[in-house]
Protein chains: 2
Amino acid sequence: MKYIEKLRNSGLRPTKQRLQICEVLFDTERTFHFTINQLEQRIKDKIDNKISLATIYNTVHAFEKKGYLKQIPLNSNQTYFDTNVTDHHHFYDLKKEKLIDLENSDVGPINIKRKINGKKIKSIEVLVKLDD
Amino acid sequence: MKYIEKLRNSGLRPTKQRLQICEVLFDTERTFHFTINQLEQRIKDKIDNKISLATIYNTVHAFEKKGYLKQIPLNSNQTYFDTNVTDHHHFYDLKKEKLIDLENSDVGPINIKRKINGKKIKSIEVLVKLDD
DNA sequence: ACACTTATTTAGAACCATTATAAACTGCAA
DNA sequence: TTGCAGTTTATAATGGTTCTAAATAAGTGT
């Protein structure tokens, strides 16, 4: 399995549950956005055994910490994650409550002129809200 | 009172509670960021009578709908609001969990090249996360 | 001023995403 | 195979936010 070493290399034991979640998250044509509840549903659909909700939370947070997932800054009652961990931005369709990836070529370079003493920029995220 | 007509003009009855919340939010030297709990505390400090938490939620949402407050897109268990409703962006200090305003002059113009059919851009918000 | 309608406030309950708990289980190194 | 640390699990607890329904206050017309 290709995910076994990936997990071992990050210090995560390649358990059955984690490997199955890897398949759901990363064996896809395209990257995608999800909430924990949506992921839970996908797992139910694609996998025979049950994975507890607590494990899903644990795994998603472990993967996020390792950089395999990103949280998307958004005001919602649910946390959104992204399997696309490259630097990129988002449209948010307010009506449909849906996120749409903006390719980096869709957004001109972002120039932050101000510095904060002793702080480094870790990420720059742009959210473009869409109306009708 | 200067807030009475402001509220009436937006179709909100100028109740005692709303006027007091206006004072806490808008009678300040500087704009500021807050969570509902932080606002509740400020109200307790500045005002004699009690305002119920439900009223604070109601009022903040009413003010946001009228454009007197903005929500800040951020992944946190609490919702952050901003009394600065002009177009501007934010640093987020991950260590201190603190927001810092970026003046518009601190960020070069943001050029969104992609269009979505029939949708208009309502806002563009940039979040710059800071590390040590 | 009065009566009437409608908006607002309120305490408390309900909701629900997320996190904590603690016991059972599993991977893995010795 | 044994032991230990890491992981999974069901369930409870937490906590921010929203809902509810009754009490109160504001606006309107008379």
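Letters A, B, ... are given to chains in the order of the sequence lines, protein chains preceding strands, and every chain is numbered from 1. Just so it is clear, the model here is predicted, and its values are computed rather than measured.
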> Think A:R18 forms a cation-pi with A:F63, using NZ or CZ under 6.0 Å from the six-ring centre and within 45 degrees of its axis?
Replying inline: no

>> Is the terminal nitrogen or CZ of A:R42 (NZ for Lys, CZ for Arg) located under 6.0 angstrom from the six-membered ring centre of A:F32 and within 45° of that ring's axis?
In response: yes

> Can you say whether the rings of B:H90 and B:H88 are parallel (under 30°), tilted (30 to 60°) or perpendicular (over 60°)?
Replying inline: perpendicular

>> Just so I know, are the side chains of A:Q20 and A:I51 near enough to count as touching, which here means a heavy-atom distance under 4.5 Å?
In response: yes

> So A:F81 and A:F34, would you call those rings parallel, tilted or perpendicular, with 30° and 60° as cut-offs?
Replying inline: parallel

> Roughly how far apart are B:D132 CG and B:L94 CG, rounded to 0.5 Å?
Replying inline: 9.0 Å

> Does the ring of B:Y92 carry A:K122 above it, NZ/CZ under 6.0 angstrom from centre and within 45° of its axis?
Replying inline: no

> Which residue, A:D101, A:I100, A:N84, A:T83, forms the side chain to side chain contact (heavy atoms under 4.5 Å, CB included) with A:H33?
Replying inline: A:D101

>> Could you tell me how far apart B:E64 (CD) and D:dT17 (C1') are, to the nearest whole angstrom?
In response: 14 Å

>> Please tell me if A:Q17 has a side-chain N or O lying less than 4.0 Å from either OP1 or OP2 of D:dT9.
In response: yes

> What's the CG-P distance between B:N37 and D:dT17, to the nearest Å?
Replying inline: 7 Å

> Do A:K2 and A:D27 meet the salt-bridge criterion of a basic N to acidic O distance under 4.0 Å?
Replying inline: yes

> Where does the chain B footprint on DNA chain C start and end, counting 5' to 3' with a 4.0 Å heavy-atom cut-off?
Replying inline: C:dT6 to C:dA11

> Over how many whole Å does the gap from B:Q78 atom CD to D:dT14 atom P extend?
Replying inline: 17 Å

> Which parts of residues 41-63 of chain A get close to DNA chain D, meaning a heavy atom less than 4.0 angstrom away?
Replying inline: A:K50, A:I51, A:S52, A:A54, A:T55, A:N58

>> Using a strict threshold of under 4.0 Å (side-chain N to carboxylate O), is an ion pair present between A:E125 and B:K129?
In response: yes

> Has A:K70 got its NZ or CZ under 6.0 Å from the middle of the six-membered ring of A:Y80, at an angle within 45 degrees of the ring axis?
Replying inline: no

Which atoms of nucleotides 3-6 of chain D (N or O only) lie under 3.5 Å from a protein N or O atom, and what are those distances?
residue	atom	partner	partner atom	Å
D:dG6	O4'	A:R13	NH1	3.4
D:dG6	O4'	A:R13	NH2	3.4

> Between B:T79 and D:dG16, does any side-chain N or O lie under 4.0 Å from OP1 or OP2?
Replying inline: no

